[in-house]
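Along the sequence shown, residues are numbered consecutively beginning with 1.
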Amino acid sequence: MAGDLQEEIKSIAEKIPGCRYVSLVGYDGITVTQHIVEANFDVSLYDAEVSSIMLASKEVRESLELGHEKELIWLTENSFFIIHPVSEEYFIYACLKSSDSNPGVARITLNKAKPVIKKIIYPDSAS
């Protein structure tokens with residue numbers, strides 16, 4: 001399972017122009033796997049902090065009865081984050097450069113990869 005996940009995450013990162021890294025993270029903030037293309041910072045720290053954002057988003061979504069979360073996009077001065085929940089336990093996200101990147105390709109690539117990742121994590125469940 002771990003090797004398959006790592007290969008899938010690496011494949012995602014390599015398809016996205018301007019990608020710094022891609023991570024699969026638990027909502028508890030623990031990194032499951034990641035592929036770093038170009039990052040001069042502690043990616044695991046970012047994973048933990050992004051999980052805090054996802055937990056806050058989940059709380060608001062549930063409080064306002066907004067339904068299932070499909071995607072969260074967060075643009076800062078330095079980075080572009082595209083975050084996709086995989087299940088109630090995990091999410092995947094790509095961190096892109098704020099310029100010279102392609103968020104559209106990232107969105108499509110992550111969306112296509114979600115069912116593949118879900119099948120690797122939960123091989124016995126019907127999706």
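Open room surrounds CG on Asp100; 12 or fewer heavy atoms of other groups in view lie less than 6.0 Å from it.
Following chains of ILVMFWY side-chain contacts shorter than 4.5 Å, one can reach Tyr27 starting from Trp74, so the two form part of one hydrophobic cluster. Note on Val116: it clusters hydrophobically with Ile16, by side-chain heavy-atom contacts below 4.5 Å among ILVMFWY residues.
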Q: With side-chain contact (heavy atoms from CB on, under 4.5 Å) as the test, would you mind laying out the steps for Leu110 and Ile12 before giving the verdict?
A: CA-CA 7 Å; Leu110 288 170; Ile12 293 165; 3.9 Å; yes

**Q.** Gln34 vs Gln6, side-chain contact (heavy atoms from CB on, under 4.5 Å): CA-CA, chis, key distance, verdict
**A.** CA-CA 7 Å; Gln34 59 191 204; Gln6 182 59 43; 6.0 Å; no

**Q.** Pair Leu75-Phe81, side-chain contact (heavy atoms from CB on, under 4.5 Å): steps then yes or no
**A.** CA-CA 6 Å; Leu75 177 60; Phe81 297 87; over 6 Å; no

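Residues forming a ring pair (Phe, Tyr, Trp, His ring centres under 6.0 Å) with Tyr46 (at least two apart in sequence, or on another chain): Phe41.
Using a 4.5 Å heavy-atom cutoff, the side chains of His84 and Val86 are not in contact. The shortest side-chain heavy-atom distance between Ser99 and Phe80 does not fall under the 4.5 Å cut-off.
Atoms OG1 and CD1, on Thr33 and Ile9 in that order, are 6.0 Å from each other to the nearest 0.5 Å.
The closest donor-acceptor contact from the side chain of Ser23 to the backbone of Val25 lies at 3.5 Å or more, if one exists at all. Ser11 places no side-chain N or O within 3.5 Å of a backbone atom of Glu7 that could act as its donor or acceptor partner.
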Residues 87-94 side chain polar contacts: donor-acceptor under 3.5 Å, at least two apart:
{"residue": "Ser87", "atom": "OG", "partner": "Glu89", "partner atom": "N", "Å": "3.1"}
{"residue": "Ser87", "atom": "OG", "partner": "Tyr90", "partner atom": "N", "Å": "3.3"}
{"residue": "Ser87", "atom": "OG", "partner": "Tyr122", "partner atom": "OH", "Å": "3.0"}
{"residue": "Glu88", "atom": "OE1", "partner": "Lys58", "partner atom": "NZ", "Å": "3.1"}
{"residue": "Glu89", "atom": "OE1", "partner": "Tyr122", "partner atom": "OH", "Å": "2.4"}
{"residue": "Tyr93", "atom": "OH", "partner": "Tyr21", "partner atom": "OH", "Å": "2.9"}
{"residue": "Tyr93", "atom": "OH", "partner": "Asp47", "partner atom": "N", "Å": "3.4"}
{"residue": "Tyr93", "atom": "OH", "partner": "Asp47", "partner atom": "OD1", "Å": "2.5"}

What pairs of donor and acceptor atoms, side-chain ones from residues 60-69 against any protein atom, are under 3.5 angstrom apart with sequence neighbours left out?
{"residue": "Arg61", "atom": "NH1", "partner": "Gly67", "partner atom": "O", "Å": "3.4"}
{"residue": "Glu69", "atom": "OE1", "partner": "Ser57", "partner atom": "OG", "Å": "3.4"}
{"residue": "Glu69", "atom": "OE2", "partner": "Ser57", "partner atom": "OG", "Å": "2.5"}

